[in-house]
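Data first, discussion second: the structure below is written as structure tokens.
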Amino acid sequence: MLEFAADIEHTDRKTLFAEVILPLAISKNYTYRVPYEQNDAVAIGKRVVVQFGKSKLYTAVVKALGELAPEKYEAKYIIEVLDDKPVVTAKQLEFWEWLADYYMCNIGEVMNAALPAALKLASETKIVLNPEQVDKDTLHDKEFLIVEALEIQPELTVSDIAKLLGQKTVMPILKQMFEKNIINISEEVSERYKPRKKTFITLNPVYNNSENLRELFPILEKRAPKQADALLAYIKLARHQKNITKNELIEESGAGESSIKSLIEKDILFAEERNVSRLHHEEDGEPGNTFDLSVPQAEVLQSIRTQFKEKDVTLLHGVTSSGKTQIYIRLIEEMVLNGRQVLYLLPEIALTTHIIERLRMYFGADIGVYHSRFNDNERVEVWQKVLSGEYKIVLGARSSVFLPFNDLGLIIVDEEHETSYKQYDPAPRYNARDAAVFLANRHAGKVLLGSATPSFESYYNARTHKYGFVELAERFGGVELPVVEVVSIAAETKQKTIQSHFTGVLMDGIKQALENKEQVILFQNRRGYAPILMCKICAYTPKCINCDVSLTYHKSSGKLHCHYCGYREDTPNICPACGSTHLEYKGFGTEKIEDELSVLLPEARIARMDLDTTRSRNSLQSILNNLEEKKIDILVGTQMVAKGLDFSDVTLIGIINADSLLKFPDYRANERGYQLLAQVSGRAGRRGKQGKVVIQTYDIYHRVLKQVIENNYLDLYLTEMEERRNFAYPPFYRIINLDIKHKNPDVLSNQATYIAARLREHFGERVIGPEPPLVSRIRNYYIQSIMLKFEKDGISIVKAKSVLRDVITQFQTTKLSTGSIIQPDVDPY
DNA sequence: AGCACGCCGACT
DNA sequence: GTCGGCGTGCTC
């Protein structure tokens with residue numbers, strides 16, 4: 001009735017309808033009606049609270065506004081407009097749409113990945129006890145349990161109750177209890193972002209007159225000496241700093257909170273609560289530190305500028321330690337002077353305090369940092385500062401492509417080949433590098449891709465002149481490239497010069513380095529102690545109950561770990577299959593290398609760097625600090641040592657077994673193997689001391705090893721390209737991967753075959769799979785892959801995607817489809 | 001993603 | 001008989 005009345009009163013006013021994006025994996029957008037009084041408040045890009053479904057409330061983003069009422073249904077009202085100003089820009093909405101289309105997911109999923117969680121409040125169903133006392137005797141067992149739990153903890157969620165009762169469907173019970181007035185069910189939304197507040201203290205301006213102050217002191221000293229102390233402390237602090245917080249004052253004066261409170265009550269001091277930033281800010285930092293580029297660097301910089309005149313994307317191929325960062329800094333400087341924004345993308349692991357400090361030295365507080373170790377509130381603050389234009393420069397990982405830039409002049413993608421730019425599991429399965437190319441284009445900005453070992457896609461694009469190309473072949477400051485030596489494990493085993501996993505050559509190198517007080521890095525591409533535990537009698541090996549992969553023994557925990565899902569179990573003493581006690585560890589990981597090395601070299605200070613030792617927030621940083629401060633002689637690590645060290649001063653690098661690096665089960669094995677070897681090797685050497693790399697292998701004549709020794713990336717590229725052309729792989733071919741998931745392997749197999757058959761109707765031989773050996777089990781789901789290949793000049797990827805979309809839609813409405821999830825994944829083109 | 005509804009097998 | 005699991009469809 002009220003609504004009706006409102007209608008009549010405002011007939012002269014427009015009725016607005018808003019199309020909104022909901023943060024859910026649903027394929028449509030929904031339209032809500034704007035209450036009249038909010039007509040001026042709604043705008044595209046603002047967040048609104050809407051009810052979706054029976055009771056849930058969600059934060060949605062307004063995508064479009066219109067006056068046309070939907071014909072087929074009655075639109076619900078928008079409950080609330082959350083923002084004064086849009087938090088999402090028009091350019092971002094365009095970007096979201098492109099991502100959803102390109103990576104074949106829903107725009108809601110993109111929104112989910114893009115917005116920091118604190119901006120996406122959703123209601124939670126809270127179960128609370130009805131205040132009226134209930135007669136417990138009338139309750140069923142389950143109802144009794146719930147009531148008891150609520151007496152201890154007044155608020156429970158639906159999933160809490162499901163856990164409590166040990167059953168999956170609890171809604172019917174809760175509904176019944178609600179009808180019997182035992183409980184209340186409420187939907188609560190709360191803003192999750194809370195500004196951080198601090199109390200600042202200022203002196204009543206009356207006392208800025210020193211005479212007044214002088215009069216005040218004797219009175220205070222006599223009656224309240226503590227307060228006099230506090231006041232003195234304030235005056236002392238005020239000499240050096242503008243803003244004084246209450247806590248600082250308490251600390252400085254040694255007076256308690258009560259004395260300060262009294263001073264405030266006497267109007268001698270004023271207290272004021274202000275919002276403060278959680279983000280790092282240097283108090284009056286000294287930006288603008290200068291440096292000079294070397295001649296080759298300056299030439300490269302000039303050449304990048306020239307390329308940018310014609311090309312939107314330029315690839316910088318620069319060997320490790322060639323000083324790419326300094327070139328980036330110059331380019332960033334120029335862009336900021338033009339008043340435009342810059343995004344500097346780095347793989348997560350490379351975002352250490354070292355690189356952040358280095359950039360802050362040049363750019364002061366204008367630089368924002370955005371990565372996954374930030375909590376939600378910190379992310380929202382970065383988001384807002386990018387939106388307001390306060391941050392001209394953002395240094396961030398993959399997800400920072402989602403920040404609300406206004407005018408992005410340049411995106412730098414450092415270590416462009418890194419696979420961590422690609423998000424795999426939840427949709428959108430995007431590659432930040434490729435997304436950056438689109439994003440920059442929309443802002444009429446440029447992209448600089450930088451790498452010592454570019455991905456073949458980018459290299460191909462550069463060689464075919466789609467991208468600009470600049471090379472920097474010299475290391476900065478006259479540092480020589482390291483000497484690489486390949487050592488045969490087989491030969492040394494025969495000669496018995498090998499000790500556990502260390503060849504004589506490597507061992508001599510290590511001892512020499514220790515004698516010279518130099519540091520060593522040993523690289524082993526596997527964490528844990530041993531990847532396989534096997535019964536010598538019956539060959540039984542413990543496997544993960546979820547994933548069907550062999551469990552890795554970890555000595556530090558004494559347990560068997562699954563490296564896919566994190567499942568752990570106790571290490572058996574006797575074989576669970578045959579009861580024998582002859583269990584054997586097969587293979588070796590970083591833990592074992594560290595262990596054996598400490599026996600062979602008891603006096604050396606050995607540390608380990610892998611996922612297990614860097615899990616907590618600061619442990620990576622502390623390992624890096626110890627390395628820099630020379631508290632570590634030998635660092636044993638996984639890929640991380642190749643990627644996380646930006647400044648090391650190490651003279652010897654040992655690769656324990658190169659074979660495992662060159663035998664990835666996919667067509668990019670050689671590319672990845674080379675990249676990793678080159679990256680690890682690149683850490684060796686410093687000014688005035690040539691580094692050395694020892695590669696241990698069974699396969700000393702492997703083509704890639706030769707290419708690594710000769711530092712000949714072009715040769716690797718050309719030979720690999722030839723193979724890819726023959727086997728129809730990218731970049732000559734485009735690929736869409738389709739993963740099908742199901743709990744039941746037989747159903748999965750049927751469905752995969754069915755889908756492949758449907759796809760073959762359209763694409764014939766271009767459809768590969770489902771490949772039976774590819775059935776893998778992760779987190780209780782079986783997965784099977786189907787690959788779609790397209791000749792570069794054959795069917796366009798747009799057509800391919802539209803057909804795929806059809807097949808998927810059809811498949812999802814077919815009876816066959818029970819429970820399966822389809823994940824299309826588009827190769828980077 | 002939730003949530004409701006309906007069907008079907010495994011128990012009091 | 002009914003409880004709870006699972007599949008299916010819908011949400012502006």
Side-chain angles (χ1 to χ4, degrees), chain A residues 3 15-35 38 42 48-80 100 105-113 115 117 120-127 140-143 145 157-179 185-189 425-428 741-744 747-748 750-751 780-781 808-823:
Chain A
E3 284 168 23
T15 307
L16 287 179
F17 292 92
E19 184 187 342
V20 303
I21 303 167
L22 286 155
L24 299 171
I26 42 178
S27 51
K28 278 185 289 180
N29 286 333
Y30 288 78
T31 304
Y32 286 81
R33 185 167 171 180
V34 181
Q38 299 287 359
V42 284
V48 292
V49 176
V50 294
Q51 183 181 352
F52 184 68
K54 229 175 168 321
S55 57
K56 277 267 163 182
L57 305 181
Y58 290 96
T59 305
V61 169
V62 179
K63 189 184 161 250
L65 286 167
E67 289 181 52
L68 236 61
E71 284 172 17
K72 301 201 169 134
Y73 53 87
E74 192 76 16
K76 279 186 185 158
Y77 277 90
I78 284 174
I79 293 170
E80 197 187 342
C105 67
N106 302 309
I107 196 158
E109 294 174 294
V110 179
M111 172 182 168
N112 241 338
L115 281 189
K120 281 179 305 205
L121 35 128
S123 70
E124 209 171 7
T125 313
K126 289 266 163 64
I127 316 297
H140 304 296
D141 284 0
K142 285 177 184 171
E143 291 174 346
L145 260 172
T157 64
V158 179
S159 61
D160 284 339
I161 290 175
K163 228 181 280 170
L164 179 76
L165 299 184
Q167 70 186 49
K168 289 191 180 166
T169 39
V170 290
M171 283 316 272
I173 298 171
L174 292 176
K175 216 173 140 191
Q176 254 180 41
M177 288 175 76
F178 176 69
E179 276 157 13
I185 299 172
S186 72
E187 288 294 324
E188 255 179 51
V189 212
D425 205 15
K741 239 167 54 166
H742 202 280
K743 285 181 188 167
N744 180 331
V747 178
L748 173 70
N750 279 335
Q751 294 185 353
N780 264 329
Y781 275 98
I808 291 168
T809 320
Q810 205 179 347
F811 175 74
Q812 278 176 343
T813 52
T814 307
K815 289 267 192 311
L816 251 175
S817 73
T818 47
S820 68
I821 298 158
I822 296 175
Q823 312 177 301

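Nothing here was measured: the structure is a model prediction, and the numbers come from that model.
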Legend entry - ring pair (Phe, Tyr, Trp, His ring centres under 6.0 Å) partners for A/Phe17, two or more places apart: none

Legend entry - d(CE, A/Met111; P, B/dA1) in whole Å: 15 Å

Inset, instruction - For A/Leu22, report the nucleic acid contact type (base, sugar-phosphate, nothing); a contact means any heavy atom under 4.0 Å. - result: nothing

Inset, instruction - Heavy atoms only: give me the nearest A/Val20-A/Asn29 pair and the separation to one decimal. - result: O-CB, 3.4 Å

Inset, instruction - Could you check how far NZ of A/Lys76 sits from P of C/dC10, rounded to whole Å? - result: 15 Å

Inset, instruction - Measure the distance from CD on A/Gln167 to P on C/dC3 and round it to the nearest whole Å. - result: 11 Å

Legend entry - Rounded distance in Å - CD (A/Glu71) to P (C/dC12): 18 Å

Inset, instruction - For A/Lys28, report the nucleic acid contact type (base, sugar-phosphate, nothing); a contact means any heavy atom under 4.0 Å. - result: base

Inset, instruction - Specify the closest pair of heavy atoms between A/Glu109 and A/Ala427, including all atoms of both residues, with the distance to one decimal. - result: OE2-CB, 3.5 Å

Legend entry - A/Thr15 versus A/Glu67, side-chain donor and acceptor atoms under 3.5 Å: no

Legend entry - Partner of A/Thr125 by side-chain contact (heavy atoms from CB on, under 4.5 Å), out of A/Ile161, A/Leu174, A/Val158: A/Val158

Inset, instruction - Round to a whole Å and report the spacing from CD1 of A/Ile78 to P of C/dC12. - result: 13 Å

Inset, instruction - State whether the number of non-hydrogen atoms from other residues, nucleotides or ligands found under 6.0 Å of A/Glu179 atom CD is greater than 12. - result: yes

Legend entry - Nearest-angstrom distance from the residue atom CG of A/Asn106 to P of B/dA1: 10 Å

Heteroatom pairs (N/O) under 3.5 angstrom, protein to nucleotides 2-10 of chain B:
{"from": "B/dG2", "atom 1": "OP1", "to": "A/Tyr58", "atom 2": "OH", "distance (Å)": "3.2"}

Legend entry - Whole angstrom value for the distance that separates C1' of C/dC3 from NZ of A/Lys168: 15 Å

Inset, instruction - Give a yes or no on whether A/Lys168 atom NZ has more than 12 heavy-atom contacts from other residues, nucleotides or ligands under 6.0 Å away. - result: no

Legend entry - Sugar-phosphate only, base, or nothing, as touched by A/Thr169 at under 4.0 Å among non-hydrogen atoms: sugar-phosphate

Inset, instruction - Please state how far atom CD1 in A/Ile26 lies from atom P in C/dC10, giving the value in whole angstrom units. - result: 14 Å

Legend entry - Distance below 4.0 Å between A/Tyr32 side-chain N/O and C/dC12 OP1 or OP2: yes

